[in-house]
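A, B, ... follow the sequence lines: proteins, then strands. Residue 1 opens every chain. Bear in mind the structure is a predicted one, so any value in this text is a computation, not a measurement.
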Number of protein chains: 2
Amino acid sequence: MARERTRDDARGSAAPARRASDRGKYGRLSRERVLTAALELVDREGLSALSMRRLGAELGVEAMALYRYAEGKDALLDGLVEALYLELEERLSAGEPADDGWREGLHRVARATYDVCLAHPQAVPLLATRMLAVPLARRPLAVLKDHERVLGLLRRSGLDEAGTAAAFRAFTAWLLGYVEVELRPVVDNPDEPDPAFRLGLHRMPAQDLPTLRETAPALAEPGGPEGLSAGLDVLLDRFTGPDRPAPPRR
Amino acid sequence: MARERTRDDARGSAAPARRASDRGKYGRLSRERVLTAALELVDREGLSALSMRRLGAELGVEAMALYRYAEGKDALLDGLVEALYLELEERLSAGEPADDGWREGLHRVARATYDVCLAHPQAVPLLATRMLAVPLARRPLAVLKDHERVLGLLRRSGLDEAGTAAAFRAFTAWLLGYVEVELRPVVDNPDEPDPAFRLGLHRMPAQDLPTLRETAPALAEPGGPEGLSAGLDVLLDRFTGPDRPAPPRR
DNA sequence: AACCGTAAATTTACGGCGTATAGATACACT
DNA sequence: AGTGTATCTATACGCCGTAAATTTACGGTT
């Protein structure tokens, strides 16, 4: 009994040869081609559309062929994170300003990361999930290089190891959190003309949530890069200032 | 031909009755019981262990029975988020200090959120993924109530709607980012006595990543609640101060 | 040009997943 | 005791990740 075929039968069974050469547009597979296609697919249809079979089809290849370039699905997702950081590195080295101060450097990194994330919103959840799943030393090399860059900039501010670590955590937390909050959808029904309905305010109990309802329109406005750098500045002041350990509250 | 059974056959086929009464420990299902069991399962075995079938088994029930209490898997995950925020609400109302200032209130909320997240580290990725998938108005009620509380506290600082929204984003970004960074694993092999191997430093190219390697031990130390509230303080200063719009950088 | 060894991709199969649909069962109320 | 409704089970379908075995393609040697 014949199993259902897709690629071959569709072309007719009389065609004799050249079975594998109509694969992807450019000959053989490669890790880069796999990751690029994966990121494109995620950008286009979201994370849930990314499966080994689907990605294989996208590349004109069976699912198992991908296992030569990523050990499994999880490794593929880590590869996507890597791809994001490679894109970040690209943007950062493009038009690199000879050498400004450490503070400007950190703002540049933050802004570039922000831009990359907004360019691939569907992939951003990976930054949360995979980074929580993979210990520091096992993160993709591009990620570690980014860490190295940020840590180097922070050290140039005169911090010791402990202070650098604390400032690094603050930098990373703010950047990551800001991007995630920026990408949270607040509009419920974009096609609705009435602003209140567009926000879906009718779903919120009016008596329990008065402030939320009145603030919702303002929450629909994005924070933008200005908000990012404003918060970053005060955090850097705080975590690279002279009074290193936090004065205990209360 | 007999299909493979699990529950019934295990008890022997002679047992006459009471088939459904040995379900969960306490009679029938309920949304709360479902969500509690789901959260327990996630805490115990991680998010990837949570499936409809598995959760059903945990409750002594078939998978489809769960669909009466959650519309589907996604709704179940949203329910988990809800459960986290319900636990937050519990902690916040326990021993509520009559009425301190808005700033103390925000610190209390931040600290309680931090505690809840550290108590359920395996569930934290949901805060990133589900919040990016669900528009504001469709978030679980407990989440919206939390928003309401924070927004109310911020308004009490004298901000207008736009300022409140900006400060809310900053608060949320910092809190969420801080928790996620705090939960990122940096130790690679906990059983290793040698600190360098424990961190997995041997996996990092020494020449490309000198600063990372020297900072790694310090990165292994958690930031703790002190770091959270230190950053929160300066952010609140910045986003509720008199100079409302961020002075443009450069 | 024929051959061969290795690399690359396919085939097949297995168990688990989410869930639509339909049927069985339990329970509250008269 | 009987009945209507709420609750749970049974079954099936298509998709998923991936282990193992197999086939195909290709570069280097003769």
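Distance, R28(A) CZ to dT10(C) C1': 15 Å, rounded to whole Å. Here dT9(D) presents its P atom at 13 Å from CE of M52(B), a figure rounded to the nearest Å. Rounding to whole angstrom units, CG of residue L66(B) and P of dG18(C) are separated by 10 Å. Remark: P of dA8(C) and CG of L29(A) are 10 Å apart, rounded to the nearest angstrom. Between E62(A) atom CD and dA20(D) atom P there is a gap of 20 Å when expressed in whole angstrom units. Counting to the nearest Å, the C1' atom of dT21(C) and the CZ atom of R68(B) are 13 Å from each other. A straight line from NZ of K73(B) to C1' of dC16(D) spans 12 Å, rounded to a whole angstrom. In this structure, D74(A) places its CG atom 12 Å from C1' of dT18(D), rounding to the nearest Å.
Using a 4.0 Å cut-off between a side-chain N of Lys or Arg and a carboxylate O of Asp or Glu, E45(A) and R54(A) qualify as a salt bridge.
Listed nucleotides: dC8(D), dG18(C), dA9(C). Nearest to the side chain of S51(B): dG18(C).
Between M64(B) and A49(B), the residue anchored closer to the 5' end of DNA chain C is A49(B), taking for each the nucleotide with the nearest heavy atom.
Put simply, Y67(B) has no side-chain N or O that comes within less than 4.0 Å of OP1 or OP2 on dT21(C).
When the side chain to side chain contact (heavy atoms under 4.5 Å, CB included) test is applied to P135(B), the partners found at least two apart in sequence or on another chain are P185(A), D188(A), R138(B).
Y178(A) places a side-chain N or O within 3.5 Å of a backbone atom of G224(A) that can act as its donor or acceptor partner.
Using a 4.0 Å heavy-atom cutoff across all strands shown, R53(B) reaches at least one base atom of the nucleic acid.
Judged purely by distance below 3.5 Å, without hydrogens or angles, the side chains of E32(A) and Y69(A) never pair a donor atom with an acceptor atom.
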